[in-house]
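Start at 1 and go down the list; that is how both ligands and their atoms are numbered.
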Amino acid sequence: MAQKNDLKKIVSHCKEYGFVFPSSEIYDGLSAVYDYGQMGIELKNNIKKYWWDSMTLLHENIVGVDAAIFMHPTVWKASGHVDAFNDPLIDNKDSKKRYRADTLIEDFLAKLDEKIDKEIKKASKRFGDKFDEKKFRETNPRVIEYQKQRDEVHERYKKAMNENDFTELRQIIIDCNIVCPVSGTCNWTEIRQFNLMFATEMGSTSEGTMKVYLRPETAQGIFVNFLNVQKSGRMKIPFGIAQIGKAFRNEIVARQFIFRMREFEQMEMQFFVTPGDEMKWFDYWKNLRMKWHLALGFSKENYRFHDHDKLAHYANAATDIEFNMPFGFKEVEGIHSRTDFDLRQHEKYSGKKIQYFDPELNQSYTPYVIETSIGLDRMFLSVISAAYCEETLEGGETRTVLKIPAELAPVKLAVLPLVRKDGLPEKAREIIKMLKFSFTCQYDEKDSIGRRYRRQDAIGTPYCVTVDHQTLEDNTVTIRERDTMQQERVLISDVENEISKKTDMKNLLKTLIE
Ligand code: ATP
C-alpha cells in the first residue's frame, strides 16, 4: 500500500511503465487531461469488465446501453445542469490561485479529523490493551477541543451549502483562518458560482448552429432511453440500465493526477424501482457496491462510507464510497437515491409521457431511481495506489511491485527463457503461441532473469513462466508467483489451467453472490 505523499512516485511509475501519460505531452500537456498507455488500457479494460459483468451477468434484470456524448441541449435544462451544475469558486488575491470554497473547508475538517486520529493512535500505543477509545474521546481535553471545533464548523458548513449561502461560506473560511497553500494568506475574493459544463456548437452556419454540451455525466443518456429499453427489452420493474462512457467537466481546480480530470470515464447504473421501495434498494446497492470493492482484497480499512452533507437537487439519500488515496480518503463512487426527479423533468420538458405500467399493481407510475456512479479513472488510481509497493528483499536488494489483483492485471503471464540460446527461446515462443488465445502474455529474453522478473513486478504481472534446460528434457517449466516470489514446477500442459484458475474474473464475481 502506498504511503501518504507517494503520489509523485505513483505518477512517475505510471509514466515510466506505460500506464498513464500526460495528454499532448510533447506540447507540455493539457491541464487535467491524461492518456492511458499500453499497460493502462489493459488495466482499465479489466476494471470495466469487472464492473460490467458484475452488473449485467450477475443480474438478469440489468441491461446495458451506450448513449451518445452529445445530447439535445434541452436534456441539460431538464436535468438542472444548465442552472445548477455549479461549484463555488474563490480566488486568493495574493497568489491569484483559484480554489473550490467547499473543498477548502472540507480539507480543513479532514485535518481536524487527522489530528483527533493522531491523538487516539498515540494514546492507544501508550495504553495498549487497556485503551478505552470511547472514554478517551470523552475526557481528553485536546480531543474534546478538536471535536468541538469540528462539529461547529461542520454544522455551519452544512447549513451554508444547503442554503447556497456564499457570504457565510466565505466567512467560515475566514473564521477558520484557512490560508492559501501558495501565498499563505487569508486574502480571499468573494465566492462566485461557476458552471462546469463544456459547451460547443453543432451544425454549419448556413443552417444555423445549436449550442450543445459535452455530457457532464452519463446518467442522462439512460434516463432519456428509459422507455426505449423498457419497451424493447420488455423489462419489468425493478430493473437497471448500465453504461460506461466519457464525461466532461470544466473542473475549477484540477490536481491530484487522474483523480480530478476534465475528461474522464464513468460507470453508471440506474436502477428503476417502485416508489416507496427506494430505501430498501438504496441499502441493497450500498452494500453490494462495497462488496464489489472489498472483493479486490485490499484491506478493509482503506474504504469507508461518507454520507453527503448537501444532497444534490435530485436526491433524497446519498452516500459516497471513499478510498484511502495517497492524499487521504476521497470519493471513488456515489450511490444516490434520485427519486423520480429526472424522469419527471424529462416528461415535463419533452411533453412525452414517461411512465411505467405495473402489471402487478395494475397502475402506471413514474419509477424512482437508485444510481450507482463510479469514476473509472478514480477506481484505476485506487487500484494502483493500493497495489504500489516498494519492498526490500533478503540480501538488501529492493523491488517495486504492483500487487494488482491477478484478475485485473494488465499482463497475466510472462514467458521467459532462462538464457537466449540452446533452443530455450524457441520453446518459450511455442508456449506463448499456445497460451496467447487465453491470456495477455509477454515474451522477454533480454537481460538477466532477475531483471526480467523485476520488470514484470513493476507492471504487476502475477505469473512468470520460466523455460530452462530441464524444460527440454521433461516438458516442465517453473511458475513464479509475483507477491511471494515462490516458484513451482509444473507440466507445460498444465500451465493454462493453473493460470486461468488464478486469473479468471469469475473468482471476483463469485464472491459477490456469496
Ligand atoms: P467530486 O465531489 O469529487 O467533484 P462528484 O460528487 O461531483 O465528485 P459525481 O457527480 O457523483 O461526483 O460523479 C460520480 C463519480 O464520477 C465520482 O464518484 C467520481 O468517481 C467520478 N468523477 C466525478 N468527477 C470527476 C472528475 N473530474 N475526474 C474523475 N472522476 C470524476
Aromatic [Y] / basic [X] pairing, under 6.0 angstrom, 45° off normal:
X: Lys9; Y: Tyr388; result: no
X: Arg289; Y: Trp285; result: no
X: Lys44; Y: Tyr36; result: yes
X: Arg304; Y: Phe329; result: yes

Open item on the list: Test side-chain contact (heavy atoms from CB on, under 4.5 Å) on Met161 and Leu169; report intermediate values, then the result.
Closed with: CA-CA 7 Å; Met161 285 297 279; Leu169 213 53; 3.9 Å; yes
Minimum-distance protein heavy atom relative to [atom]:
atom: atom 18 (O) of ligand 1; result: Glu331 OE2, 2.6 Å
atom: atom 21 (C) of ligand 1; result: Gly375 CA, 3.6 Å
atom: atom 23 (C) of ligand 1; result: Arg249 NH1, 3.5 Å
atom: atom 29 (C) of ligand 1; result: Phe259 O, 3.2 Å
atom: atom 19 (C) of ligand 1; result: Arg378 NH1, 3.5 Å
atom: atom 20 (O) of ligand 1; result: Val332 O, 2.7 Å

For [X], counting its heavy atoms only, list the atoms of ligand 1 lying under 4.0 Å from any of them.
X: Glu251; answer: 24 (N), 26 (C), 27 (N)
X: Arg100; answer: 4 (O)
X: Glu333; answer: 18 (O)
X: Ser373; answer: 13 (O), 14 (C), 15 (C), 18 (O)

TODO: Determine, for Lys353 against Glu347, whether the closest basic-nitrogen to carboxylate-oxygen distance falls under 4.0 angstrom.
DONE: no
- [ ] Determine, for Glu407 against Lys502, whether the closest basic-nitrogen to carboxylate-oxygen distance falls under 4.0 angstrom.
- [x] no
I want to confirm something. Looking only at heavy atoms, which of [options] is nearest to [atom]?
atom: atom 26 (C) of ligand 1; options: Met261, Arg262, Glu217; value: Met261
atom: atom 13 (O) of ligand 1; options: Lys330, Met379, Gln266; value: Gln266
atom: atom 31 (C) of ligand 1; options: Tyr34, Phe264, Phe85; value: Phe264

Task: Within residues 180-201 or reaching into it, pairs that qualify as salt bridge (charged side-chain N to carboxylate O under 4.0 Å, His left out) - sequence neighbours excluded - done: Asp91-Arg192, Arg170-Glu190
Heavy-atom contacts under 4.0 Å between [X] and ligand 1: side chain, backbone, both, or neither?
X: Glu263; value: neither
X: Glu268; value: neither
X: Asp320; value: neither

Open item on the list: So does Glu322 get a backbone contact from the side chain of Asp320, meaning a donor-acceptor N/O pair under 3.5 Å?
Closed with: no
Open item on the list: So for ligand 1, is Ile258 a polar contact partner (N or O within less than 3.5 Å, distance only)?
Closed with: no
Open item on the list: For ligand 1, which is the ligand I care about here, please tell me if Arg260 has any N or O atom under 3.5 Å from one of the ligand's N or O atoms.
Closed with: yes
- [ ] Could I get the full list of salt bridge (Lys or Arg N to Asp or Glu O under 4.0 Å) partners for Asp151, not counting sequence neighbours?
- [x] none
Open item on the list: I'd like to know if His336 contacts ligand 1, where contact means a heavy-atom distance under 4.0 Å to any ligand atom.
Closed with: yes
- [ ] Check whether the side chains of Thr339 and Asn316 place a donor and an acceptor atom closer than 3.5 Å, and report yes or no.
- [x] no
Open item on the list: For Gln270 and Glu371, which I'm curious about, is there any donor-acceptor pair between the side chains at under 3.5 Å?
Closed with: yes
